[in-house]
Amino acid sequence: MKKALITGIRGQDGAYLAKLLLEQGYQVYGADRRSSDSSYWRLEKLKIKDKVKIIYMDLLEESNVYEVMRTYKFDEIYNLAAQSFVQVSFNQPLLTANVNSMGTLRILEAIRLFSRDTKFYQASTSELYGKVQEIPQRETTPFYPRSPYAVSKLFAHWITVNYREAYGMFNVCGILFNHESPLRSIEFITKKVVNGVCKIKLGLVDKIEVGNIEAKRDWGYAPEYVYGMYLMMNHPNPDDFVLATGEIHSVKELIEKAFSLVDIYISWQDKDGKIIGVDQQGKIRVQTNQEYYRPSEVDILVGDYSKAKQILGWEPKVKFDKLIEIMVEEEMKELKEKK
Ligand code: NAP
Ligand code: GDD
């Protein structure tokens, strides 16, 4: 039985990956930083909480990381833990760098010193492409990070590659484009919009407030992306892969799609106060708020996943329309149950 450690077990990807690895017959350990909120709601929702062994490991605490590696000697480690919210990284750049960059290096050093045969997956990101140098972005596209988050992930990406080349370690980087699901945290735009739209439909709130609606992303479905992580780790050669859908949509399209699914016309108010469109009940449903703009934005991301398709046989089935349908349906169900 293979023994895998997932850091960031309480996050969206951690939960889906744990489920997948359990189904594949792994013994799954989840690294959790201790906090007063001991909720494992995602693992509970997927009905796997009792099957995952929780280990306390904070990426900020070097001795903690070393001790865990020395004790368990895992077959595989999936490093998903991160300060993952781009906007927060502008307010907490040092914390972001410490967790995302140095946290990754702490694990790599621990593997190098105590558990050389452990395979390592690093959660790299399409944010590395930032101010894009090529459309679509692929593994060979130069990076141009645009936030402290992206810069921190750039270090983590290259140190993972470096340890592979310098020490012959089995290290892979998954350069994943945005992937979403009903388990997404509410601060990210897909979940925020879907939650707001469903609440408007149920009469719980009047409107949603958002930032830059012109930004464009390549949104995929998280359970399919964690399968890609598993394929990368189980391929004979360690390498780096882009996972994406190849489809591009703006935040504006995301909002329009979500409202259309609950049959509400939208009226918008832009950041200069101008009103566009009329809602059936004469209400403003979407308001643009400067608060949600970023000091430097990533305008467009769209990935070319042909390397993953060719070498791993990975291909996404759920594209934008289906993704938003899944999220709206699940959100509506949950809100009605709570009501
Ligand atoms: P997420 O939901 O934000 O989960 C991140 C997890 O990291 C959380 O469970 C968090 O713990 C944990 N964490 C934060 N600081 C930690 C620390 N100091 N020590 C230990 N754990 C810590 O992120 P996700 O969406 O699942 O993404 C997984 C990974 O993929 C992240 O590294 C993210 O940057 C990267 N990524 C995500 C996407 C995407 O679209 N989802 C795309 C590309 C790359 P708490 O629960 O205690 O807060
Ligand atoms: N969160 C948020 N909230 N984003 C908004 C809002 C808002 O109210 N209004 C507009 N946006 C825009 C952001 O400016 C950004 O251009 C886009 O919507 C997507 O924002 P997020 O959903 O926060 O995701 P992200 O692309 O910044 O980062 C996510 O994907 C990365 C991969 O590309 C995160 O999961 C990162 O951890 C991940 O690396």
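Quick caveat: nothing in here was measured; it's all calculated off a predicted structure. Computation of the quantities below employed the complete heavy-atom set of this structure, encompassing side-chain atoms and omitting hydrogens, waters and symmetry-equivalent molecules. For ligands, and for the atoms within them, numbers begin at 1 and follow the listed sequence.
- For Tyr149, every heavy-atom contact with ligand 1 shorter than 4.0 Å involves the side chain, none the backbone.
- In Ser124, the part holding a heavy atom less than 4.0 Å from any atom of ligand 1 is the backbone.
- Here the two rings, on Phe120 and Phe170, have centers that are 6.0 Å apart or farther.
- Heavy atoms of Glu127 stay at 4.0 angstrom or farther from ligand 1.
- Using a 4.0 Å heavy-atom cutoff, Thr7 is absent from the residues neighbouring ligand 1.
- Between Phe85 and Phe188, the distance from one ring center to the other falls under 6.0 angstrom.
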**Request:** Please step through side-chain contact (heavy atoms from CB on, under 4.5 Å) for the pair Thr104 and Thr160, ending with a clear verdict.
**Result:** CA-CA 8 Å; Thr104 303; Thr160 302; 3.9 Å; yes
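- Of the protein's non-hydrogen atoms, the one nearest atom 42 (C) of ligand 1 is His179 CE1, 3.3 Å.
- For the pair Asp218 (side chain) and Thr245 (backbone), a donor-acceptor distance under 3.5 Å is present.
- Summarising the geometry, atom CZ belonging to Phe241 is positioned 15.0 Å from atom NZ belonging to Lys309; distances are rounded to the nearest 0.5 Å.
- If you check which protein heavy atom lies closest to atom 14 (O) of ligand 2, you get Glu297 OE2, 2.6 Å.
- Between Glu187 and Lys192, no side-chain nitrogen of the basic residue sits less than 4.0 Å from a carboxylate oxygen of the acidic one, so the salt-bridge criterion is not met.
- Atoms of ligand 2 lying under 4.0 Å from at least one heavy atom of Thr125, given by number and element, are 31 (C), 32 (C), 33 (O), 38 (C), 39 (O).
- Below 4.0 Å from some heavy atom of Ser84 lie the following atoms of ligand 2, by number and element: 34 (C), 36 (C), 37 (O).
- Comparing heavy-atom distances from atom 25 (P) of ligand 2 across Leu176, Asp299, Ile186, Asn178 singles out Asn178 as nearest.
- Asp299 pairs by the salt bridge (Lys or Arg N to Asp or Glu O under 4.0 Å) definition with nothing, not counting sequence neighbours.
- Annotation for ligand 2: atoms under 4.0 Å from non-hydrogen atoms of Phe85 are 1 (N), 23 (O).
- Across the listed options Asn289, Ile189, Val210, Val251, Ile189 owns the non-hydrogen atom lying nearest to atom 6 (C) of ligand 2.
- The shortest heavy-atom distance from Gly103 to ligand 1 is not under 4.0 Å.
- Of the heavy atoms in Val99, only side-chain atoms (C-beta onward) come closer than 4.0 Å to ligand 1.
- In this comparison of Gln87, Glu127, Arg294, the heavy atom closest to atom 27 (O) of ligand 2 sits on Arg294.
- Taking every non-hydrogen atom of Asp58 and a distance limit under 4.0 Å, the qualifying atoms of ligand 1 come out as 17 (C), 18 (N), 19 (N).
- Nearest-residue assignment for atom 28 (O) of ligand 2 (options Thr288, Val88, Val86; heavy-atom criterion): Val86.
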